[in-house]
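Bear in mind that the values here come from a model prediction, so they are computed numbers and not experimental data. First listed ligand is number 1; within each ligand, the first listed atom is number 1.
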Amino acid sequence: MSQQGYVAAPPYSQAQAGMGGYSAGFGNPPPQSHYGAYGSPPQGYSAPPTGVLKPPASSSSGMPPPPVSSQYGANIQQNGAHPHSFPPPVASAPSMSPYGQPPQSAFYSMAQAPPPTQQLTNQMSAMNIGGYGTLDVGVFYTHALSAAPQQYHTSPPPAMGHPPLSPPGQQLSSFGSPPPMATMGSVAAPPMGMSGPPGPGVHQPPLGPQGYPQQPGFFGRPQMAGPQSGAFPGGFPGGPAQMAGPPQKKLDPDSIPSTTHVIEDDQAKRGGQVYVTNIRGQVPPLVTTDFTVQDQGNASPRFMRCTTYSFPSTADLAKQCKVPLAAIIKPFATVPKNETPLYIVNHGETGPIRCNRCKAYMCPYMQFMDGGRRYQCGFCSCVNEVPVQYFQHLDHMGRRMDLYERPELSLGSYEFIATLDYCKNNKPPNPPAYIFMIDVSYNNIKSGLVKLICEELKTLLDRLPQEEGAETSPIKVGFVTYNKILHFYNVKSALAQPQMMVVSDVAEMFVPLLDGFLVNFQESRAVVNNLLDQIPDMFADTNESETVFAPVIQAGVEALKAAECSGKLFIFHSSIPTAEAPGKLKNRDDRKLVGTEKEKTLFQPLRGVYEQLTKDCVAQGCCVDLFLFPNQYVDIATVGDVPSHTGGSIYKYSNFQVEVNGQQFVSDLRRDVEKSIGFDAIMRVRTGTGFRATDFFGAVYMNNTTDVEMAAVDCDKAVTVEFKHDDTLSEESGAVMQCALLYTTIGGQRRLRIHNLSLNCSSQLSELYKSCETDALINFFAKSAYRAMLNQPLKTVREILVNQTAHMLACYRKHCASPSAASQLILPDAMKVFPVYMNSLLKTPTLVGSTELSTDDRAFHRLLVNAMGVEETQVLLYPRLIPLHTMDVSSDAIPAPVRCSEERLSESGIFLLENGLSMFLWLGQACPPDLIQNLFNVPSLGHLSSEGMSLPVLDNAHSRKIHSIISSISQQRATSMKLLIVKQKDRSEMLFRQHLVEDKGLHGGASYMDFLCYVHREIRQLLT
Ligand SMILES: [Zn+2]
């Protein structure tokens, strides 16, 4: 049986022999003392379990656990399409784990301290996860080595003293060839490598013109001062050629850690496998890896990812390493079809069982005792009475007999039905409403946008989200058009014609009609379609170019208030709101501020009206989605403020033309309207003793320090949560966290979505570094930097980022790596590509600070990143560059990406680049004419005009293949990307080149190589 098949079946389905999620050791004493590491060959599912199956129970094919019933009670429903029961997940055997994990008890690993051997194994597993799987100290070495990886880490971490030095004759990582000690000396000596003893002089970077001037105290050490060209303030000098003293040697770019290799290696090692979440502190596969998750007590990495899966045990250690401790939580993440949807638990009128003291919800980390009459909270250690109706006997292992019948006792993620206590005013909520608010000023009419929106809505309204199994959507819809004044429409089904009501007093916004404004589309279809037909004509002759904005949002909130429901406003807006009204804005795009102390003000939203609006929206559960169609500056920092605090999305289509951007906009709108979403949400992250959530980043609103309020939360929105110690953590109990999200479903049901995750704790920093996740780290750094820039000069923010990078790596070097020459750059294996991501972050339009960049673009980018999950920030900061000229048209696969550098382009090539927001097709000057013919139906590149090129769909293998690649990429992304075709050496090529993140930035910022050298030198400074 294939692994896919194995997982595609619900893990709790009882009727399938040999299937099921939990290893048979669940509860049995582990029959083996050896725990396989990830690196060990996976043991196939086909291997029949031997000798550890539980005694057969009710079903001949399933193997339920001890004496309990194998079905969930009537109080359990499944939140999804599979109407399966929830029988015990026991039929699997120890060897079933794809990673060769032994039948170790999930219960054991989560609820109790793992035995030393298990910890060791976990540690070793973690070690092996990183790319090359060889070095416990992550010594940085060349690819030549990866062909013959060495297993160094045969001893456990504290034994770091055993240097993982290369055997004689084995060159680990010479930086360039020949060994460039002397030539590299001018910058930082060989920044990496273990190739022999450092030559004379390498420890002392000579002064010279290749220094890092201008930044007293931080980027620039005084002794390194010197001229530099083309670098932004705080930047780095030019290309590699500048780095080496005479004689100049070109450094081998292949010798520095490669993101594409790390991604490929993880895919090769863990791709296509089942990731079982039964081990505390287990590091999941990379976000780029294709894997299947089976929940066995910890939330899927789709819902929660952490910067490290082993927290330092004390605040001092955390301070020492400066590695941020954070979780990136995507509570509504899309679950692939072959994974089990969340189960829904109903504890009846009494509501979910919670700890009396810390209010944590019942979960696998609660420890039952006293014959089942009491339980100890895994978060605050409070001992609670088990409510009578929830009582259950314990088995000889001290576990509840109904463990496998109850998702809340055995799974990482599940939902509870909330009682009226969890509803506003103790009343069940109404289903939410969607209000479409269309700017009908001159520009939008002229561009054809209004007509496009109205046409699209006619079909889109049939595709509003529905409850599972329902025929129609419970969501009501309403319509507003506006310019300087607002027009509301009565579309009650009884009317023959829609009725318009105008509100021209925008200072005191009110909703002129209640009955007939929000309607069920199915019932009012005729009137609504009639309205949508009329709107473009009604305003066809408009000359009005001024608009209001804040009153539009105000009108939406008031309408939802009147209807006593939550909902979403879809605002289609084009210009800076200059009409006389609350929230009126003026152009404050002053590029002279760029690079000054006041640059931050460009990104600070104007407060006042907008701040109050945000509060009103959040209180009402009113999410604001903003579709912008600007021809010039619209002050995105301000108009995007309400959306970015209400769980809303912002889309931008500059200089909108129906023919050019129409399709992209329509795709975005469709996806946005249809996507899975919860309303009026409030999230709380609880933690075990010793640490707590201290900061939150996302499209959220914080009224106090603990409650994360979101007017709505959809499948793309992620909240990044930072943790701090307030006491010593216990290595035995680890670090547990529980994210509880209270929200209203589209059907108007109040629910609690719970995600639990357990991490390890250690007094050894090496554990932390081994369990780091670079992609999660960079998500945290991006969001925290983008927030910091509102209050600090960008230069300071950039300096902090670089400083922290150097500090984290220096600490590793000092405390975890084996002794080695100072000339070597030593990176933790799990963080070896961290510098390339960090450097890319520093070069993002938002942080780079160039007067050439549009302020709105920078503000837009800032708000987007703020709501992103790990997957989105990963590809944004390291785009995929895919060679297409060598693709195999007979294969379904997307060709392997290459490194994001100009060096990887070839004149005779064609490349596709995507970062989740933009997509480019780059055509080399000498790309083969037959390929051009196949893709564009013209005989050569010269026949393609440089402007407005599009990619036709043609009937040949190459054309089909490339369209299939593009569509497959598009499906993976949250927003639709418009394909931009650029020819090598054309002016538009600049747009493409700014995404080659390993190169020197077009608007400033160092190349990857330079950055690495610079960081290396900083590390050496810190260590001396
Ligand atoms: Zn508690």
Side-chain angles (χ1 to χ4, degrees), residues 106-113 280-281 297-299 303-304 306 311 313 325 327 329 331 345 347 350-392 394 398-400 402-403 406-419 421-422 682-694 696 704-708 721 723-742 751-761:
F107 177 82
Y108 203 67
S109 63
M110 293 182 304
Q112 299 173 2
R280 192 180 86 187
N298 284 293
F303 296 122
M304 283 175 99
C306 293
F311 276 12
S313 50
L325 307 177
I329 307 174
V345 179
H347 281 173
T350 54
I353 315 286
R354 306 176 68 173
C355 169
N356 287 329
R357 188 196 286 162
C358 73
K359 303 293 176 195
Y361 294 84
M362 183 51 66
C363 71
Y365 313 142
M366 303 301 188
Q367 185 76 51
F368 287 86
M369 51 175 64
D370 198 12
R373 284 183 291 274
R374 298 192 298 160
Y375 69 93
Q376 183 169 32
C377 174
F379 299 92
C380 72
S381 301
C382 173
V383 175
N384 296 272
E385 299 287 324
V386 173
V388 179
Q389 77 280 5
Y390 199 66
F391 174 79
Q392 179 61 251
L394 307 184
R399 303 164 315 165
R400 281 174 64 115
D402 60 354
L403 181 66
R406 294 192 176 271
E408 76 274 19
L409 297 179
S410 49
L411 296 179
S413 300
Y414 42 87
E415 292 199 330
F416 287 116
I417 304 279
T419 57
D421 292 342
Y422 295 84
I682 187 160
M683 184 175 103
R684 175 73 82 87
V685 179
R686 291 182 175 82
T687 54
T689 43
F691 74 114
R692 66 197 158 84
T694 53
F696 303 85
N704 55 45
T705 54
T706 51
D707 295 316
V708 184
V721 183
F723 301 102
K724 292 259 163 66
H725 286 74
D726 46 24
D727 205 346
T728 299
L729 298 176
S730 150
E731 292 191 44
E732 195 178 303
S733 43
V736 290
M737 55 185 78
Q738 179 179 76
C739 163
L741 181 92
L742 175 65
R751 282 200 205 152
L752 281 148
R753 179 170 283 214
I754 312 290
H755 296 300
N756 303 293
L757 189 61
S758 61
L759 311 178
N760 287 335
C761 289

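When only modelled atom types and interatomic distance are considered, H347 and Q389 share no side-chain donor-acceptor pair under 3.5 Å. Donor-acceptor pairing under 3.5 Å is lacking for the side chains of D402 and Y390.
Applying the ring-ring contact (aromatic ring centres under 6.0 Å, His included) criterion to F691, with sequence neighbours excluded, gives F311, F723. Take T419 and apply the side-chain contact (heavy atoms from CB on, under 4.5 Å) test, not counting sequence neighbours, and it matches D421, Y422.
Near-neighbour remark for the Zn ion (ligand 1): protein N, O or S atoms under 2.8 Å are C355 SG, C358 SG, C377 SG, C380 SG; waters not counted.
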Cut-off 3.5 Å, no hydrogens considered: what does the side-chain donor-acceptor table look like for residues 379-387, sequence neighbours left out?
from, atom 1, to, atom 2, distance (Å)
N384, OD1, N356, N, 2.7
N384, OD1, N356, ND2, 3.1
N384, ND2, C382, O, 3.3

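Under the 4.5 Å side-chain criterion, counting only non-hydrogen atoms from C-beta, R406 is in contact with R400.
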